[in-house]
Structures are given as C-alpha cells and as structure tokens.
Visitor: 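Take a look at the following structure, please.
A, B, ... follow the sequence lines: proteins, then strands. Residue 1 opens every chain. From a predicted model like this one, the values you see are computed outputs, not experimental measurements.
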Protein chains: 4
Amino acid sequence: MKKNKPKYNQIIDAAVEIIAENGYHSSQVSKIAKKAGVADGTIYLYFKNKEDILVSLFQQKMGSFIEKIEAETTQKQTADEKLLALIKTHFQQLTANHHLAIVTQLELRQSKPDLRLKINEVLKRYLVVIDQILNEGIKDKSFRGDINIRLVRQMIFGTLDEAVTNWVMKDQHYDLVDQAEEVHDLIVRGLTNRNN
Amino acid sequence: MKKNKPKYNQIIDAAVEIIAENGYHSSQVSKIAKKAGVADGTIYLYFKNKEDILVSLFQQKMGSFIEKIEAETTQKQTADEKLLALIKTHFQQLTANHHLAIVTQLELRQSKPDLRLKINEVLKRYLVVIDQILNEGIKDKSFRGDINIRLVRQMIFGTLDEAVTNWVMKDQHYDLVDQAEEVHDLIVRGLTNRNN
Amino acid sequence: MKKNKPKYNQIIDAAVEIIAENGYHSSQVSKIAKKAGVADGTIYLYFKNKEDILVSLFQQKMGSFIEKIEAETTQKQTADEKLLALIKTHFQQLTANHHLAIVTQLELRQSKPDLRLKINEVLKRYLVVIDQILNEGIKDKSFRGDINIRLVRQMIFGTLDEAVTNWVMKDQHYDLVDQAEEVHDLIVRGLTNRNN
Amino acid sequence: MKKNKPKYNQIIDAAVEIIAENGYHSSQVSKIAKKAGVADGTIYLYFKNKEDILVSLFQQKMGSFIEKIEAETTQKQTADEKLLALIKTHFQQLTANHHLAIVTQLELRQSKPDLRLKINEVLKRYLVVIDQILNEGIKDKSFRGDINIRLVRQMIFGTLDEAVTNWVMKDQHYDLVDQAEEVHDLIVRGLTNRNN
DNA sequence: AATGAATGAGCCTTCATTCAT
DNA sequence: AATGAATGAAGGCTCATTCAT
C-alpha cells in the first residue's frame, strides 16, 4: 500500500505546497523533489509522471476530504442539518489547509481529457453524498419534490466552490466558516421575500 | 483602435479555437498563427507575448459578453425578470460559442497571479450587473431585505459557472439554455418545501 | 554622391549614437531608423544591409578623422612635431566625439573576415601617415635608423588605441588630450637617435 | 572545484575553438555542445547562459595565462629582464594557442557593460604585474623616476595587444615570439634613465 | 531503493529584410 | 523616394524523464 511509504506522502505534501504557490505549470518536478527532500529520480519511483503527481494528490487529499464530510453528515438526523454539516465541513477543511484549497480551486481545472476524467472520478463520490442528502430531504418532504437533483447539486457545489475561490483569491483574509450558516440558509430558502 | 485591425481579431479568434481544442499549454504560438493565416512574428505585432493573447482574448470576448447581458437585462422591468434574462443570456452566449465556453471555463482558471488579476478586473463588471439586480430586487421587496449581497452574488455566479462547466465537460451533449428557467427558479425560491 | 543625401548622414549619425550606447549586436535596425527619423525600410535605400551601416559609418567617420590628422601633421616641419600633432589630433577628435570613440575602440573589433577587411582598408591610410612620419624622422636622423617601422607603427597605434580605450572605459572622466605630450615623450625617447 | 569537472573543461575548450573559428555571435550553443561531446542542455548545468561561457572561458584561460607570466617574471632578477620575460611569455602563450588568441584579441572586445566589467576584473591582475615590474625598475634606477606608471602600463599593454592583434589578423603567418626582443628594446629605450 | 547528472525534444521570441502601397 | 506592416528563419533555454552507479 503506497500510503505507508513515507516518501510517497512527503512528495504529495511537497507537491501541494509547491503547486499552490507556483501553479501546476510552474511547478517543476525538481522543485517538488527538493521540497520533499528526495532526488528528482525518486519521484519516478512513486509516480508514473508529473501528471500522476497531480492526480494522486487529488485522489489522496480529496479522498479523505470527502470521507470526513461523509462522517460528519451521517451523524446528523435531518437533510437540512446534514446539508449544513456538509457546508461547514467543506469550509473547515479548506480553511485548515489553504494550500490544498488553492490547488483544488484553481489548479485542478485542467482541460486535458484524461486528467479531467480521473478528477471527475474522485469528485463523483462527493456528488453522491450531496445527492443522498437531497433525496432524503425530498423523501421527508423538507425539500420540494419537484427539484431537479442534478441542477441542485450543481447549485450547491458551484456555490461552495465559488465561495472558496473568492476566499482564496482574497488571500484568506476573512473567516470562511463564518459564512456557512448564511450560505446554507440561502440555498435552502432562496431569494424570495416570503412577505409577498 | 485595435478592434479595426483585422489581424488582431483573426488572431484572437484563431486562439479561441486552438486553445479550446488543445488547451493553453499545448497551443503553440505557431499553431495559432497558422490558424489565423499570419506569420508567427505577426502575432508579436499585436500581442506582447503568448499570455497576452489569453488576456486580450478574455477582455475582448468577455467585454462583449457582459455588454450583451447588460443590454438584455436593462430591457426587463422587474429584478426577477432581469435575473432570468441574465441567466438565459449567459447560457445562450456560451452555447452559441462553445469554443469560448471551453476557454473560459477551463483554460482561464490559471493561477498565475498577474493573469488572475486581469481576469478578475474584467469579471468585476459582471458582478456589478448582478449586484444592481439584487439591489433593485431588495428595494422593490421582491427579494428578502436581509440577504448578504456578496454571498448571493457568489451563489449566482457559482451556480451559473458550475452549470456551464458541467455542460462543457459533458461535451455539450444537452441544451444548456433549457436549464435557465429551472436554475432561476432554484435561486429565487430555494429548496424549501413551502408546504411545511 | 551619397554624402549629399541628408538621410544618409542622418542614418550614419544615428547609428554612431545607438551603437555607442548599445553595442552593435544590440543595435536593431529599427532602433537606428527611429533615432534617424526615417522608416525601417528607408535604411535599405541607402545601405545594403546592417553590416554595411557599420562599414559605411567607419569609412565616413574615420575618413575625415584621418584627413584631419593628415592636415594637422602636414603643417608641422619636423617628424617629432608631426608625431606630436598626430597624437594630439587623435585624442582631440575622439574627445570631441566620444560616441565615435566608443564605436571605433570597441565595436569595430569584429571578427567577421569581410568586415575586418574593409575596416583595415580604411585604417591602412592611417598607418601610411604614421609610416611617412617615421621615414621622415629616419631620413633627417631625428629617429634611429635601425628601427623596425612596422613594429614602431604597432607601438604607436597600440599605445594610442589603448589610451583611448582606457579613457572610454573610465567613462571619459579625465582629459585625454592632456596626456598627449607625455605619450609623445614616451614614444619619442625610445626612438631618439643618441647621436643627435 | 570546477576544474575537476571534466565536462566543464570540455565545454570551455570546445567554446574556444568554435568561437575562434566562427565568432561569438555565429557560435550556436548547440555547435559548442556538439564539439564538446555533450547534449545542449548539459551546457546549462555548468554555465548560466551563453555569455557566461565567454566570461568563464576568459577567466579560466586568462587566469593561467597570467599565472604563467607571474611565474616566469619572478624568476628573473632585474626589472629589465622581467619585462623581457613578460613580453616573451605573453607572445609564447598566444602563439601556442592561437584559437585563444583569436578569442581574446577579437571576440572579447564586446561592449556589453557587464561583460566588460568581468573582463577588466581579470585583466587587472595583469596590470598589477606590469606595475610591479615598473616600480622595481624605478627603485633600482634602471627606469626613469619621472615616468607616469599608468601611461607606461598603457603603452606596454597597448603595444603587446596591437602586436598580437596584427599577428592574428595576418593569420599568424609569421613568428610572433621573434618580435619580443625588438619590442622590448623599443619600450625600454624609452624608459631608460639616461643617467645610468 | 535512491541518486542526480545527463539528455534532447520542443517552443517562444527576436529582428534583419522585403514589398505592396 | 519613402513607408512600415508583415515575414519566417533561427537559436537560446527549459525541464520532464532516464539510467548508470
């Protein structure tokens, strides 16, 4: 199991940091190797090529990212509470690791088809979590029954994504988690003024 | 006036196409020049360097993109209708030019700081349009008075952005504009089941 | 006659200035054209190519440089006085036009054989002047009869050249002409026939 | 220690040869690499850029050039003998390595300021050697006490330099070392203190 | 397993020169 | 005669990857 090899994780962590600071295309393999404290050639004992570092990084980091969200949401009872937990956990984790946030928000928008495919593979697990919450909400009638799940999922993911991107762009000068409740409220209730 | 220089636009249009098909980093300047029907060196009479093509492309195309949205929304009366017009026009334009869509949704998500800065400069105009609509909606009480405009703007932009990205990723196999009404509805009404 | 064409001289003068400031290989034709106030293409109405500018410049400027030296030396009676006049005039002229000094001292040490040939062609006239003075000095016994004219000529030219180069390198911070008498003294005492 | 890296010296030696034959600006890095028997990229493991090859070449070669002159002159007793040794050794070394002679006499006369600076740095050591000999000669009264050392140094260096340049220009068709005694004689008779 | 020196394909950019106007 | 937009060949340099040790 790769995970037990210390150098593997050293390299992944170095890559997150280097890529966050320089962007993927300005992150030379030698720079990552240096940060990881290994020789350039060693990288290729653990990764097929440079792109594989990015993919592996994403699989590793997003894997545990999603696991944490799964864990937090399962503990809640209602769909509404689960959604809030998802938002909070999403924000919390990226706040705790803003290098990772930068990588996921910016560097993973790669257009190379094979790369995208693998990234989407990982993200799918996240989308499944969202879908489950939405289905639960519909079943217990806390959410409207006529919503288009795919669209709502897009709205949720897009909103969180944009919130994080803005926070990253603003150099993390404010507290992202503070926005969780408001974002949740907005998604659930919409813009409409009920007084009308 | 640059816009009157035919070669300038030839190069921009060639760049959109080539970058959409190959990705920025696989789009050699010589490839763009060939598609534009000019010599390699000619590129540098109109653009400072390769990155400047990307920036200029975005400024030109997003400039008219936003102008079109401004034009369409001004024609509508209520904030609600304006928001719908914004969503529809957003989707319509990217549907009409899917090469541009690919470039904006994928290739421009670069993290090189100076590039991001210029991109954000252009996007700011779009955000202003959204803000105006939101303020109008609050004033005429069709939108809640307690919304956080910055957050809502993020939600709207994030949702549209994610919708387009998904459509691009799925190789534009469905009709994006068809989703406009539903997306609008979701944003305005939220998830909540009013029967509760 | 080219000399009467005003643009020809404009270009030559611009070239001296630009090349002195940037070096030959960093002196783009377009830069020279701009300084001369003509279009790039106009250069090629007066010069065969870039190298021809350098050659022509040298022929023009060194031509009159040498003519002036010829004029000044002819006025003197003895070989000794003529040599002093040569040194003074050499220093005076380059002092008066330090851009030209830079070009002749540094930029003309080109190794392209055909270029060297043409430069040497011009310099030959200078060497002839020196030789005449030396022969006169030998004939009237003010100089030793056993000197190797070629060697002495090298010594004289090399000494003046090195003096000017040093002065150019030191950014012309001192008065070059002030050194003329001392340089002359140094050269002549070595040449003096002890029988005198 | 760079000197122990065989490739470093391979590249330097290849550069001397290629530059002597083609001139600096016609000496492509790839040409030097090929002659040195290394890949193009290898050049950049040992040198910062193309210009750095030229500078390093000069530093290396002139370094040992000057050391040799220092060694030869120290063995002699009188200032007069030392000066002759300096001239002979100067001529001998460049005769023995005419490729180097071409590079130093022609290609290094570049006017790029930073390049000049580094070249002068190296040459300074040579000038110090000359100065020491002159001072010794003055002290033991074999040279006049009223000479201007800076000027004499210029005369000596300029004369030797011009002698070598002429020899290089004439394609080394005669024996340079043969001229040493005569050149020495010419310089010394000008320096001699008539009171001796 | 680990190293890191070496490789060499690939590409952006410059700039002397041309030529239609 | 004069222009200057356009050309395109050419080359310095980078960096992912390999492989002998």
Visitor: Check Asn22(C), Ile19(C), Leu57(C) against Glu107(C) for a side-chain contact (heavy atoms from CB on, under 4.5 Å) and give me the one that passes.
Guide: Ile19(C)
Visitor: Is there a side-chain contact between Asp161(A) and Gln105(A) in this structure, where contact means two heavy atoms from C-beta onward sitting under 4.5 Å apart?
Guide: yes
Visitor: Under the 6.0 Å and 45° cation-pi test, does Lys50(B) pair with Tyr24(B)?
Guide: yes
Visitor: Hey, does the side chain of Ser27(A) reach the backbone of Gly23(A) with a donor-acceptor pair shorter than 3.5 angstrom?
Guide: yes
Visitor: What I want to find out is whether Asp13(B) reaches Lys61(B) closely enough, with some N-O distance under 4.0 Å, to be called a salt bridge.
Guide: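 Looking at Lys61(B) together with Asp13(B), the answer is yes, because their closest N to O distance falls below 4.0 Å.
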Visitor: Among Leu115(D), Leu123(D), Ile53(D), Val103(D), which one satisfies side-chain contact (heavy atoms from CB on, under 4.5 Å) with Phe58(D)?
Guide: Leu123(D)
Visitor: Any salt bridge between Lys31(D) and Asp40(D), counting N to O under 4.0 Å?
Guide: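 Salt bridge absent between Lys31(D) and Asp40(D).
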Visitor: Select from Gly37(A) and Ser27(C) the residue whose nearest nucleotide in DNA chain E is closer to the 5' end of that strand.
Guide: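 Nearer the 5' end of the strand: Gly37(A).
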Visitor: List every contact pair, protein side and nucleotides 9-11 of chain F side both N or O, where the distance is under 3.5 Å.
Guide:
from    : atom 1 : to       : atom 2 : distance (Å)
dG11(F) : OP1    : Gln28(D) : NE2    : 2.6

Visitor: Any idea how Tyr8(A) and Phe47(A) line up, ring-wise: parallel (<30°), tilted (30 to 60°), or perpendicular (>60°)?
Guide: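 Parallel, since the angle between the ring planes stays under 30°.
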Visitor: Which residue lies toward the 5' end of DNA chain E, Thr42(D) or Tyr24(B), if each is placed at its nearest nucleotide?
Guide: Thr42(D)
Visitor: Along DNA chain E, 5' to 3', what are the outermost nucleotides having an atom less than 4.0 Å from a heavy atom of chain B?
Guide: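 Taking any atom under 4.0 Å from a heavy atom of chain B, the span is dC11(E) to dT14(E).
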Visitor: Which string of ( ) [ ] | and . matches DNA chain E, if you list each base 5' to 3' and count Watson-Crick or G-U pairs only when both distances are under 3.5 Å?
Guide: .||||||||||||||||||||
Visitor: If you compare all heavy atoms of Leu54(B) against all heavy atoms of Leu108(B), which two are closest, and at what distance to 0.1 Å?
Guide: CG-CD2, 3.6 Å
